[in-house]
Structure formats: C-alpha cells, structure tokens
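Step one of this worksheet: look at the structure below.
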Amino acid sequence: MANIKSDGTILETLTSLSKQRGFVFQSSEIYGGLGSTWDYGPLGVELKRNIKNRWWQEMVTARENVVGMDAAILMHPRTWEASGHVENFHDPLVDNKESKKRYRLDHLLEDQTDEVVQNLLTSLYVETIPDFANDEEKYQTIVAKLSENESTSSEAMKQAGVIDPHTKKVGDWTDLRQFNLMFKTHMGPVADSGSVVYLRPETAQGIFVNFLNVQSTSRQKLPFGIAQLGKAFRNEITTGNFIFRTREFEQMEMEFFCYPEDARKWLEYWSQERLNWFKSLGINEDKLRLRPHGSDELAHYSSACYDVEYKFDFGWSELEGIADRGTFDLDKHQQFSGKRLTYFDTTINKHILPAVVETSAGVDRAFLTVLADAFYEDEVEGEKRTVLRLSPKLAPITVAVFPLFNKLGQPEMAKKIVEDLRGEFSSFFDSGGSIGRRYRRQDEAGTPFGITVDHQTSEDNTVTLRDRDTTKQERISVDQVKQSVRDRIK
RNA sequence: GCGGAUGUAGUUCAAUGGUAGAACGAAAGCUUCCCAAGCUUUAGACAAGGGUUCGAUCCCCUUUACCCGCUCCA
C-alpha cells in the first residue's frame, strides 16, 4: 500500500494539500510571498481553533486552579531587559566564508592572540586607546565599536589578522551582524530611539508581570496557574519545515505558581498531563514521547525541563516544553520594576516568592503534527485515496450531507438535514459531481462523517451514515442523525 | 546569514530564442449516480525586476520564495 510518509516527502505533500484544500496558504503570495509566514484558510482556521479550544478547555475550563488571561503583544521594554531577552537575543555573529563556520564575535576574540586584539584596537581608535578593567570589557568594546561600523568590520578583522580557530588561518570574514532575535518597532508615529518597543518573543512575560493582578482578582491560592494563548515573534536565523519554525507563531502557555519546594513534583505532573493532552488529540502514541533535557541544554532560567516530542519524518521534534523556571522570572521583575511580587501566605503569615513551572506549546506545531499524523493514502476498490484521519473532535468539518441524486426532492431533504445540523456541528452540503467524488473530497478535508439522502429516504425517512476511515455505511433514521453524530464524537 | 537544488494553470508535470500543452482539480449542465465513472461547455500559468536580442518563459544579472544541509527553539 502506497504511503507517502515513508519516502520523506510528507511536508511537501502537506504543503500542496494544504493549499488545495484551504488549510494553509503562503502569506502575501501574490507579491511573491513573505519568508516563513503562512496564512490559515477556511479549513485551517477551523482546525487551528479546535486545537486551541481543546487546550483552553483542558487547561483552564476544566481546572479550578488555573485561570486565563490575554496580555497585549506590546509590553514595556524593561520587561525584556528583566527577562534576559535583550541580553540573550543579541548575538554579534560573523561567518568565515572560506570554512563556512559561524562564530559569536566575542567568543572569537577570546581565542585571538594579544597582538591581533591590539591590532583591532589600534584600527578602531584614531586617538588614544582607553584602559580596560578586564578582557571581557575589552572584547565587548571591540564588538560595540565594530558593530557601529558594520560595513567596514569585515575589512578591519581581516587586516588585524583575526584567526579562524577551525582552520588556524586568517578567516575570510563577513561583516559583523547583530542578530537581534526580537522584532523591534516604534510606539507612536515618530521613529526616535525613546519609543522603541518589541513584539513579544513569548507570551509568558505577560503572565509574570500580571502575576499579582491576576492572583488577587481571581482570589487564587498557591499553587495555581495562569494560562494564555497568543502570537509571539522571533527573528529566527533559520526557519523552515513548512509551518514548523516560523518567525510569527502562536503559543499556548501556562505558568504554574507553586511553593519552591514543590516545583519538582509539579514539573513531573504537568509533563505527564501535557503528553496526555497530545495523545487525546488522536495522535499516534508511538510517535509521541517525553524527553528530559540534559543539563547542557537547559536555558539560563531553567533547572529542569521536559520536551514533548513528535517523530516527524525529519526527526523527533519539540512540540512543547515543560520547564521548572524556579523563581527566576518573578525575581527579575522585582529587581527591574522595584515592585514586590510576593504571595502572602496567610496560614504561615509570610511573604513567599513562588516558583514557576511552565508549559509552553506551539499552536502551529500542534497543527502540523495533527495534520502529518492524520495523513494517509490507502486504496478503496482499487482506487488510490487520500484521507486525513483527523479526530472527529478536531476535524474542520464534522459532517457532510449529500443528495444521491439531484432530483426527486433529494437535495431539498438533504438541505433540511444540514440546516438542522449546523446549529450543533460544523456541517457542509455538497451536490456537485458524482457521489464518489464528493466522498473523496471530504476524505481529503478530514470530514469524519457523511450523510447521504437516497431513494429510500422518501419512503422510510432513513439516510446512510458513512464512516470516513472504513468507508462503511449504515442506515439510520433521519431523526437519529444528530444523536448518532454526537455519539461518535465522544 | 552561508552552501546546494528548485520556481510554468489550484495541483503534478511538458514544450519552445518567434508569445505555452496535458493530466488531475475547479465551475456550469446532462445522466435514478453509493465511493475521484461518462459526455458537453467554461475559467485558469511562464515568481518579480533589469539586461542581451529585431524578438526572452527559455540566455545573463539582481531580488524574492520554497526545499535540503550548518545553528536555535514553541
């Protein structure tokens, strides 16, 4: 049985299927496209919304100790100084065109001889070279000076004889480039430096800065969580794999505030919860796993971390990170804002700075996972068939209704049924082409159920209900249609 | 950002230095039609910009996008 999944072209197939069926389009396509940005079409937006709704339902609605919020994308610039993003998202990078190696300039300088460093300083200062407190300051100054004159930095480094540690020779350096992973924009119409703001690189900080607002108004006690869904932006150097890594993406994040001594326990709990959520979407369990991070891959704010990963044909890839962030974030925001962000525990009469366990998932990644996992090609009576075996809970269209013939009152009966279904399910009426063609169209859209009105309908008020995965049909009474669909979605 | 490959209807592919064809798909219609059947009709493309040329979809340059590697993450 032919299966595209085995020959490693699933993403290309999904990209064209997505466009054909109206799941995902390339952004600004008529202008030649905009790099790594994608638009969700009529079917895509339904699937995406169903994923988000199920997350919200599971994380917020169904839990008494998790509440939601929705912060603005634009936040005070100090937020990102406190979070460490201004510092950590500012890498000065150079490439050696010869060896194809890329270096952070400050790290590269550490590997140079004194003579090379001195050469650089001489070329950068027309007058006297100032004294530096230490090497670190010296290197940072060189980086700053070079980045002021980016267009001549390549020449300056070559003339000073900056060595590529990989080749032990003077590198064919590109100009220095500051890779600022945060999108910068301006608040207000005048683009002066005093009004620089960032598009948030994560939704989490909107939760941290609102910690006390939310806690006090919702009257939550430790431990409790705050959840948020929203767009985030990162100027990634490398994007790709369709919608897997993009510069604009949507996050589903929850920050769980707890007593620091319990953080480890909650990390384990939430990791399991999140893995189970992905399983509940009908995703193949053999392709899902929970992977603990090694100590070398932990972020600066985190002491322990799990990834929920899915096995794409391009390898195991992260869908969600569950991290013990300790008291890092609230601590930093206290420092930078000068405001106290502690929780007052009335039982022990003490102020406590809570620790945080974060669950951070990518909506678009969940979307791609669901799509990739649901994609099958099988055969029905010798004919190849493309089918998305989406969970009925997620499918953009839940039920499609067809008249077998375009006469004998069948279209009218079918329309009546579909109108009745619309109030409860995402429904679709189709009378175009042969009945077989209509079934296949819905198979590609992932519609789990098809209702067909035929000659018998006018005699005994029954219709057929077709199952997408088995293509088997059973005959049910028109009055039972709603309940039958309901039963099958559970 | 660097290297490699690619860009022709919605999709998958042809052809050509003299202005583009098909298959499938889409729309309308016919056919008592249960798994992409048949017939009729219709709409629909050379990624963008420059250059060479009498003439460029084709040759050259630039840009842009997508894919595969190098790095990071949701």
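Letters A, B, ... mirror the listed sequences (proteins, then strands); counts begin at 1.
Where stacking is scored as ring centres under 5.5 Å apart with planes under 30°, A:Tyr439 does not register as stacked on the base of B:A36.
When distances are taken from the side chain of A:Phe405 to each of B:C67, B:A36, B:C33, the shortest belongs to B:C33. Closest contact between the side chain of A:Leu404 and the listed nucleotides B:C35, B:C33, B:A27 involves B:C33. With distances taken from any side-chain atom of A:Gln20 to the nucleotides B:A36, B:G10, B:C35, the minimum falls on B:G10. Closest to the A:Lys407 side chain, of the nucleotides B:C66, B:A26, B:U31, is B:U31. Comparing B:A74, B:A36, B:C34 by their nearest atom to the side chain of A:Arg440 picks out B:A36. The nucleotide whose nearest atom lies closest to any side-chain atom of A:Thr452 is, among B:C66, B:C68, B:C34, B:C34. When each of B:A36, B:C33, B:A74 is scored by its nearest atom to the side-chain atoms of A:Arg437, the top-ranked nucleotide is B:A36. Comparing B:A74, B:G10, B:C68 by their closest approach to the side chain of A:Lys19 singles out B:G10.
One N or O donor and one acceptor, one from the side chain of A:Arg365 and one from the base of B:C73, sit under 3.5 Å apart. Not a single donor-acceptor pair, N or O on each side, falls under 3.5 Å between the base of B:C73 and the side chain of A:Glu318. With hydrogens and angles ignored, no donor-acceptor pair closer than 3.5 Å exists between the side chain of A:Arg234 and the base of B:C73. Side-chain atoms of A:Arg245 come within donor-acceptor range of the base of B:C72, with a qualifying N/O pair under 3.5 Å. Side chain A:Glu444 to base B:A36: a donor-acceptor pair is found below 3.5 Å.
For A:Arg488 and A:Glu474, the salt-bridge test passes: some basic side-chain N is under 4.0 Å from an acidic carboxylate O. Comment: A:Arg385 engages A:Asp378 in a salt bridge, judged by a side-chain N to carboxylate O separation of less than 4.0 angstrom. Salt bridge annotation for A:Asp467-A:Lys472: absent, with no cationic side-chain nitrogen under 4.0 angstrom from a carboxylate oxygen.
One P atom belongs to B:A20, the other to B:U31, and the distance between them is 38 Å to the nearest Å. Using C1' as the reference atom, B:A14 and B:U57 are 13 Å apart when rounded to the nearest Å. Taking the P atoms as reference points, B:U11 lies 23 Å from B:U64, given to the whole Å. B:A22 sits 16 Å from B:U16 when the C1' atoms are compared, rounded to a whole Å. B:A23 and B:U40: their P atoms are spaced 12 Å apart (whole Å). When the C1' atom is compared between B:C67 and B:C61, the two are found 24 Å apart, to the nearest whole Å. B:U19 sits 15 Å from B:U53 when the C1' atoms are compared, rounded to a whole Å. Distance check on atom P: B:U62 versus B:C2 gives 12 Å, rounded to whole Å.
For the pair A:Arg365 and A:Phe244, the cation-pi criterion (under 6.0 Å, within 45° of the ring axis) is fulfilled. Taking the centre and axis of the six-membered ring of A:Trp316, the NZ or CZ atom of A:Arg289 falls inside the cone set by 45° and 6.0 Å.
Per the geometry, CH2 belonging to A:Trp38 stands 6 Å off P belonging to B:C66, to the nearest Å. Taking atom CG of residue A:Asn241 and atom C1' of nucleotide B:U71, one finds them 14 Å apart after rounding to whole Å. Put simply, CD1 on A:Ile30 is 23 Å from P on B:G7, counting in whole angstrom units. Atom CD of A:Glu358 and atom P of B:A74 are 8 Å apart (whole Å). Between the CD atom of A:Glu29 and the C1' atom of B:U64 there is a distance of 13 Å, given to the nearest Å. The distance between atom CD of A:Glu12 and atom P of B:C67, rounded to the nearest whole Å, is 8 Å. As a whole-Å value, the separation of A:Arg438 CZ from B:A37 P is 11 Å. Regarding A:Leu17, its CG atom lies at a distance of 14 Å from the C1' atom of B:C24, rounded to whole Å.
Applying the salt bridge (charged side-chain N to carboxylate O under 4.0 Å, His left out) test between A:Asp430 and each of A:Arg441, A:Arg440, A:Arg438 identifies A:Arg441 as the sole match.
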Sequence neighbours left out, cut at 3.5 Å: what donor-acceptor pairs do the side chains of residues 446-455 of chain A make with other protein atoms?
{"residue": "A:Thr447", "atom": "OG1", "partner": "A:Gln442", "partner atom": "OE1", "Å": "2.6"}
{"residue": "A:Thr452", "atom": "OG1", "partner": "A:Tyr439", "partner atom": "OH", "Å": "2.7"}
{"residue": "A:Asp454", "atom": "OD1", "partner": "A:Gln456", "partner atom": "N", "Å": "3.1"}
{"residue": "A:Asp454", "atom": "OD1", "partner": "A:Thr457", "partner atom": "N", "Å": "3.4"}
{"residue": "A:Asp454", "atom": "OD1", "partner": "A:Thr457", "partner atom": "OG1", "Å": "3.3"}
{"residue": "A:Asp454", "atom": "OD1", "partner": "A:Arg475", "partner atom": "NH2", "Å": "3.3"}
{"residue": "A:Asp454", "atom": "OD2", "partner": "A:Arg475", "partner atom": "NH2", "Å": "2.4"}

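Annotation: of the two residues near RNA chain B, A:Arg466 and A:Gly33, the 5′-most nearest-nucleotide partner is A:Arg466. Judged by closest nucleotide on RNA chain B, A:Ser16 is the one of A:Ser431 and A:Ser16 placed further toward the 5' end.
Here the OG1 atom belonging to A:Thr398 is positioned 7.5 Å from the CG atom belonging to A:Asn50, to the nearest 0.5 angstrom.
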Completion exercise
Here RNA chain B, pairs taken as Watson-Crick or G-U under 3.5 Å and shown with ( ), [ ] when crossing and | when to another strand, reads ((((.((..((((....[..)))).(((((.......)))))....(((((..]....))))))).))))....
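Outside the 6.0 Å centre-distance limit, the rings of A:Phe256 and A:Tyr269 are not counted as a close aromatic pair. Aromatic pair A:Trp38/A:Phe242: ring centres closer than 6.0 Å.
The shortest distance between the side-chain N/O atoms of A:Arg441 and the OP1/OP2 oxygens of B:A26 is below 4.0 Å.
Backbone-only contact: A:Phe242 has heavy atoms under 4.0 Å from sugar-phosphate atoms and none from a base. A:Asp454 comes within contact range of at least one nucleobase, with a heavy-atom separation under 4.0 Å.
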